Amino acid sequence: MLRWELQLHALVEAALSEIGVDLEGVEFAVERPQVDSFGDFSTNAALVTFKKMSKSPRDLANQVIGTKAFAEFPHVQSYEIAGPGFINFYMKPSHLYSQIVEVLAEKEENFARSDLGKDEKVQVEFVSANPTGPLHIGNGWWAAYGDALSRVLKRCGYDVSKEYYVNDTGGQIRSLGRSILSRKAGTSPPEDGYQGRYVVDLANRYEGELEDEAAGRWAASVIISEIKQSLESFGVHFDVWYSQASIEESGAVEETIAELDSKGYVYENDGALWLKSTELGDARDRVLRKSNGDFTYLAGDIAYHRNKFLVRHFDRVIDIFGADHHGQVASQKAAMKALGIDPSRLEILLGQMVSVMESNEVVKMSKRAGTSIPLSFVVEKIGVSATRILCLSSSLDKATVLDLNKAVERSMENPAFYVQYAHARIFSLLKNASERGLTLDASLEVNLSPLSHPREIRLMKDITMLPEVVEVAARERAPHKVATWLKALAASFHGFYHDCPVLAEGVDLTLATSRLALVRATQIALRVGLDLVGAEAVEEM
RNA sequence: GCCCCUGUAGCUCAGUGGAUAGAGCAACUGCCUUCUAAGCAGCAGGUCGUAGGUUCGAAUCCUACCGGGGGCGCCA
């Protein structure tokens, strides 16, 4: 689709160079003003360059709009200099019509795609919750985020692989096994063990040997298959489930440590093996192999990340972790540096903690204490789509407090229904139209010029914004921006629906047809957006 | 003590250099003989934590302070 903000950016650039403005070191923006009275687009170009020309911003802006480049650009109705020196663009009405026609032609398949990430192989690792208990709503939060981010990146042309790292070995697995054996023996788990009810169920089913590690491994494998199931039904599919045990058993950890050693980043102290991470930007040195001979979690994790870059050759790796893993970031980056991998290729996004407000009390998610609110609980109450949009209603950086009662009982608190209702209305409207013999010309020879109502203009603008929204969401790793856009689009549609009848008496055929085309374009945009956040476009409500 | 995140309407949150800060919920008031009223409209609600600074321009960037969350293991 033709992107006006890009066209205008190029135009302004041409105009500036025509009058000899040096663009070295400055960036100007072409954006959509918040207020309609400031035009369809606006640029701050004169405001960021006026000093170089020792002129007032408004004088410079005047010179810009007087250029040949501007005179020869056919799509703008008028220009205006406003405020301190903005140049506002008022486009010809046709600029929206042609875009809507393009949306109709591109359909769900191609609308709002981009080649931003062409030829870039990226891995997104997320959830990776320990297989010591069912997924809780906090895990679900980041699952929704990571999956939506992956979808957004795919839409922008990245070659994306989604991965779940399974921590299926180590102390926590033994601890889980110990808790199960305690339950099996009819006693309570140790204080630092796992207290949840599911442990009792597992204990009843366990028939293997009475040894911590064996019981723990068995339980972890059961739990991981339940987690898999639970994520699949949440609409989150992982391409790869990578086992921590397999990394350790493959000898990759020894290999990695040997490589770090050969580069001079390893030393021995107090019987343990240390990484000289301080030299590489970490706050302190880290242990790789404990004095008892076991590797640390970090050692395995370094081997794992080395595998991502040097064995599987990802150009970029995005890890989404909970903020409680903050301490790992500097160490992991230091290790990458030591291995000769540019640490900027590893992006670690930290999701702030999610807690739940239940009857005026904040409940922290803890598998050990057994206080988790299972993801499945929320999904059963309000469905996958509503849950996923709910999870994407705030940014990753915000520690969220979810009011459980409101989320599951008062569905109006959840914007998902608002968005889905818009789609249900569209579906029903298109069905009614076709029953009455009103359909869109397959050749898309549709005249949209009757569309001039403020509601129609607003709706067209919102639809055509999606390609930009998707790119920004990808670039900023901020898929929740798609959810924000969806709500705005739904609002525009509901307004349009209310004021601009399609099938009512007294709407002539030309107007009805053009409105119908707009409705179909809205549907395309909505479906693309809903798919990106992993929500279903329902046909009925 | 050090590091990361955060503080925006009564509540939950958008908005991270642009002009007059937005939405949903909650409250109040209107709108269905008309394509789904799970909707639309109106009204009301704000020292953008506080104080300085940078800038033509700051909720947004910088500094300090205050409040909240997380981290600083030979746990994972």
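Because the structure is a prediction, the values reported are computed rather than measured. Throughout, protein chains are lettered first and strands after them, A, B, ... in sequence-line order, and every chain is numbered starting at 1.
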Proximity to the side chain of [X] - top-ranked nucleotide from [options]:
{"X": "Gln34(A)", "options": "A76(B), G22(B), A38(B)", "value": "G22(B)"}
{"X": "Leu503(A)", "options": "C35(B), C4(B), G69(B)", "value": "C35(B)"}
{"X": "His494(A)", "options": "C74(B), A38(B), C40(B)", "value": "C40(B)"}
{"X": "Leu47(A)", "options": "G18(B), G69(B), C40(B)", "value": "G18(B)"}

Using atom [atom1] of [X] as one end and atom [atom2] of [N] as the other, report the distance to the nearest whole Å.
{"X": "Glu476(A)", "N": "A14(B)", "atom1": "CD", "atom2": "P", "result": "14 Å"}
{"X": "His326(A)", "N": "G73(B)", "atom1": "NE2", "atom2": "P", "result": "12 Å"}
{"X": "His498(A)", "N": "A38(B)", "atom1": "NE2", "atom2": "P", "result": "12 Å"}
{"X": "Met465(A)", "N": "G15(B)", "atom1": "CE", "atom2": "P", "result": "15 Å"}
{"X": "Phe50(A)", "N": "G18(B)", "atom1": "CZ", "atom2": "P", "result": "16 Å"}
{"X": "Asp319(A)", "N": "C4(B)", "atom1": "CG", "atom2": "P", "result": "20 Å"}
{"X": "Asp499(A)", "N": "G42(B)", "atom1": "CG", "atom2": "P", "result": "10 Å"}
{"X": "Gln523(A)", "N": "C35(B)", "atom1": "CD", "atom2": "P", "result": "19 Å"}

Below 4.0 Å: OP1/OP2 of [N] and any side-chain N or O of [X]:
{"X": "Arg32(A)", "N": "A19(B)", "result": "no"}
{"X": "Lys487(A)", "N": "U12(B)", "result": "no"}
{"X": "Ser428(A)", "N": "U36(B)", "result": "yes"}
{"X": "Arg425(A)", "N": "A37(B)", "result": "yes"}
{"X": "Ser395(A)", "N": "A14(B)", "result": "yes"}
{"X": "Arg284(A)", "N": "C74(B)", "result": "yes"}
{"X": "His480(A)", "N": "G15(B)", "result": "yes"}
{"X": "Lys398(A)", "N": "G7(B)", "result": "yes"}
{"X": "Tyr497(A)", "N": "C32(B)", "result": "no"}
{"X": "Asn130(A)", "N": "C75(B)", "result": "no"}

What integer number of Å spans the [atom1] atoms of [N] and [M]?
{"N": "U8(B)", "M": "A59(B)", "atom1": "C1'", "answer": "7 Å"}
{"N": "C25(B)", "M": "A58(B)", "atom1": "C1'", "answer": "30 Å"}
{"N": "C31(B)", "M": "G69(B)", "atom1": "P", "answer": "48 Å"}
{"N": "G22(B)", "M": "A9(B)", "atom1": "P", "answer": "14 Å"}
{"N": "G17(B)", "M": "A76(B)", "atom1": "P", "answer": "40 Å"}
{"N": "G67(B)", "M": "C74(B)", "atom1": "C1'", "answer": "36 Å"}
{"N": "U12(B)", "M": "G45(B)", "atom1": "C1'", "answer": "16 Å"}
{"N": "G46(B)", "M": "G15(B)", "atom1": "C1'", "answer": "15 Å"}

Any side-chain heavy-atom pair of Glu31(A) and Glu5(A) under 4.5 Å: no

Quick one: does [X]'s side chain have a donor or acceptor within less than 3.5 Å of a partner on [Y]'s backbone?
{"X": "Arg455(A)", "Y": "Tyr497(A)", "result": "no"}
{"X": "Trp141(A)", "Y": "Val354(A)", "result": "no"}
{"X": "Trp485(A)", "Y": "Asp462(A)", "result": "yes"}

Pi stacking test for Phe38(A) and A19(B): under 5.5 Å apart, planes under 30°: yes

ring centroid sep under 5.5 Å plus plane angle under 30, Phe86(A) with G18(B): no

Side-chain donor/acceptor of [X] to base of [N], under 3.5 Å:
{"X": "Ser393(A)", "N": "C13(B)", "result": "no"}
{"X": "Asn44(A)", "N": "A19(B)", "result": "no"}
{"X": "Asp324(A)", "N": "G71(B)", "result": "no"}

Side chain to side chain contact (heavy atoms under 4.5 Å, CB included) partner of Ile223(A), the single match among Leu176(A), Leu135(A), Asn130(A): Leu176(A)

Touch class at under 4.0 angstrom, heavy-atom based, for Gln172(A) against every strand present: sugar-phosphate

Leu402(A) vs Ala490(A), nearer the 5' end of RNA chain B by closest nucleotide: Leu402(A)

Along RNA chain B (nearest heavy atom to each residue), the more 5'-positioned of Arg174(A) and Leu429(A): Leu429(A)

Please name the nucleotide paired to [N] by Watson-Crick or G-U wobble geometry with both distances under 3.5 Å, or report none.
{"N": "C28(B)", "result": "G42(B)"}
{"N": "C35(B)", "result": "none"}
{"N": "G1(B)", "result": "C72(B)"}

Syn or anti for C5(B) (syn when the glycosidic angle lies within 90° of 0): anti

Whether Tyr145(A) and His480(A) hold their rings parallel, tilted or perpendicular, with breakpoints at 30° and 60°: parallel

Ring geometry between Tyr79(A) and Phe89(A) (parallel below 30°, tilted from 30 to 60°, perpendicular above 60°): perpendicular

Donor on one side chain, acceptor on other, Tyr265(A) and Glu279(A), under 3.5 Å: no

Presence of salt bridge, Asp499(A) and Arg458(A), under 4.0 angstrom: no

